[in-house]
Amino acid sequence: MPSSRPGGPAGLPFVAPARTPAAPEAAVASTARLTPVLGTAPSTASVTAGPRTGGTASKATQTWKPAYPFPQCLDNTLTYDVSFVGQTQFVQVGNVRYAYHRFGPLKPELQQPQANGKPPAPVVFISGWGLTMYMWPIPLLQRLADSREVVIFDNMRTGLSTDNSSTPLSIPLMANSTAALITKLGLNKPNIWSWSVGAFVGYGLLALHPDKVGTVIIAAGSPGGPDALLPPTPITQGIARFEQNYTALLPYMFAQGVKDEAVCMFYASYTSFYQHEDTSLPTPLGQNSLLEQSQAAVKFFMDATIINKLGGAPNRVLILHGVQDRIMPVRNALLGAWKLLGAWMLQFPGEGHGIPFSNVQAVITTTLEFFNFANPLSRAELKQWANYGGTASSRVLGQNATLVVRAEPVDK
């Protein structure tokens with residue numbers, strides 16, 4: 001199938017924003033320089049730290065230093081005020097008792113009408129491989145919540161979400177349950193931001209419940225099926241050791257491993273959420289949920305049900321993928337892009353699996369623009385696909401990415 005790669009402004013090749021250099025940190029005043037082991041109670045240190053992606057400084061009353069040194073993280077003081085997410089809430093959906101946070105708009109004056117003339121749609125985040133709802137870049141959550149409602153939740157059988165059924169976990173089961181959660185919360189076609197195994201669920205929503213969701217972002221995911229590629233066994237074994245060794249996951253998440261600048265943003269989610277009064281989990285990842293999701297993923301890659309149904313989804317889809325992703329080879333992203341009629345794909349040559357954390361400012365900019373102008377596909381638009389790709393590329397500025405769009409006319 002042919003493809004096109006529209007140029008950016010003034011005909012320049014399209015690229016996405018580079019990582020933002022670390023912002024100068026505010027002064028750190030602490031009563032003690034404690035170094036507890038990961039998962040222990042936080043120290044009593046008081047920290048005021050500015051986000052690495054810029055913006056005003058945030059304040060926190062507690063902090064701890066990691067069990068392993070990350071010198072690139074500016075003395076490991078990266079902490080955000082996460083009180084904006086509010087208290088943890090719970091809702092029963094079938095056999096599953098979901099834990100979630102629902103927040104925003106934090107700044108209603110920023111609610112600009114979208115391209116369709118309506119207020120911004122809510123955004124539902126679907127978390128990655130065994131991770132809880134708190135492992136998202138905090139600047140991404142807050143920037144989206146400034147102008148729209150945001151929902152984060154623990155996947156079924158993960159974190160604080162419980163399930164009293166004994167049905168084997170599968171990606172279609174997770175997709176069906178997530179669709180039921182969306183209905184239960186009264187959300188009208190929310191936009192979806194999905195990552196890793198959460199992106200498998202995102203594909204499941206597109207295939208099984210396209211009418212329940214609006215625009216969908218798929219990051220470091222796969223549509224499954226026999227033609228997709230599972231990560232090599234040594235990598236899955238390394239991921240399984242994450243709970244025992246905090247740094248075991250990092251070489252697979254980020255291109256430069258533990259030395260990568262993105263480690264700071266990843267760790268900031270841990271330090272900010274897991275010591276906060278509204279959260280109580282000791283670790284961002286549960287061993288049981290990791291193993292169950294891994295087994296579900298294996299079945300997902302053997303079954304073509306989801307990928308074969310993607311062609312009927314009218315939703316606009318943005319696929320983000322790091323070319324150096326060792327957990328989810330980039331071939332998986334390409335399969336999804338070609339199956340979906342409304343897919344726009346960004347490949348990041350210098351990035352790995354942790355795309356949401358490793359290029360936060362680019363992700364924020366791209367997400368806001370994409371959610372703004374990406375309306376559902378019409379029959380006429382399907383025949384003018386290249387124009388859509390060109391519009392997308394002209395709105396997002398920066399570097400270190402390649403745009404791939406489907407360009408041939410489609411008559412359905």
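Few gaps surround NZ on K299; more than 12 heavy atoms of other groups in view lie less than 6.0 Å from it. R143 CZ: 12 or fewer foreign heavy atoms inside a 6.0 Å radius.
Without hydrogens or angle criteria, S272 side chain to Y80 main chain gives a donor-acceptor distance under 3.5 Å. A donor-acceptor pair under 3.5 Å links the side-chain atoms of T365 to the main chain of Q361, judged by distance alone. S222 places a side-chain N or O within donor-acceptor distance of the main-chain N or O of G224, the cut-off being under 3.5 Å. The main-chain N or O of V330 is never found under 3.5 Å from a side-chain atom of D325 such that the two would form a donor-acceptor pair. One N or O on the side chain of N176 and one on the backbone of P172 form a donor-acceptor pair closer than 3.5 Å.
Atom CZ in F370 sits 9.0 Å away from atom CG in L320 (nearest 0.5 Å). Atom CD1 of residue I306 and atom CD1 of residue I171 lie 8.5 Å apart, to the nearest 0.5 angstrom. In this structure, CD on E351 lies 12.0 Å from CG on L346, to the nearest 0.5 angstrom. Interatomic distance, R97 CZ to L160 CG, rounded to the nearest 0.5 Å: 8.5 Å.
The shortest non-hydrogen separation linking Q92 to G94 is NE2-O, 3.0 Å. Heavy-atom minimum distance, G214 versus N315: O-ND2, 2.9 Å. Residue S147 comes nearest to Q111 through the heavy atom pair O-CG, 3.0 Å, listed as atom of the first residue, atom of the second, then distance.
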Handout entry: Step-by-step side chain to side chain contact (heavy atoms under 4.5 Å, CB included) determination, W195 to I355
Key = CA-CA 9 Å; W195 171 46; I355 281 289; 5.5 Å; no
Handout entry: Worked check of side chain to side chain contact (heavy atoms under 4.5 Å, CB included) between N332 and L229
Key = CA-CA 6 Å; N332 295 294; L229 296 179; 4.1 Å; yes
Practice task
Could you give me the CA-CA distance, side-chain angles and deciding distance for E149 and L187, then say whether side chain to side chain contact (heavy atoms under 4.5 Å, CB included) is met?
Solution key: CA-CA 10 Å; E149 187 175 28; L187 299 172; 3.9 Å; yes
Exercise for the section: Output, in order, the C-alpha distance, side-chain angles, deciding distance and verdict of side chain to side chain contact (heavy atoms under 4.5 Å, CB included) for F371 and R148. Expected result: CA-CA 11 Å; F371 283 165; R148 69 207 70 208; 3.9 Å; yes
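Two residues are said to be in side-chain contact when any heavy atoms from C-beta on lie closer than 4.5 Å; H101 and T88 meet this criterion. Here the side chains of S165 and R157 are in contact, with some heavy-atom distance below 4.5 Å. Looking only at side-chain heavy atoms (C-beta outward), F153 and L185 stay at 4.5 Å or farther from each other. Here the side chains of S269 and F357 are in contact, with some heavy-atom distance below 4.5 Å. When side chains are defined from C-beta on, N155 does not count as touching V197, because their heavy atoms never get closer than 4.5 Å. Residues Q293 and L169 meet the side-chain proximity criterion, which asks for heavy atoms closer than 4.5 Å. Considering only heavy atoms from C-beta on, S294 comes within 4.5 Å of W129 through its side chain. Two residues are said to be in side-chain contact when any heavy atoms from C-beta on lie closer than 4.5 Å; L310 and P223 meet this criterion.
Note: W136 and W193 have perpendicular aromatic rings, judged against thresholds of 30 and 60 degrees for the angle between ring planes.
Side-chain contact of Y203 with S194: a donor-acceptor pair under 3.5 Å is absent, judged by distance alone. Side-chain atoms of S161 and D154 include no donor-acceptor pair closer than 3.5 Å.
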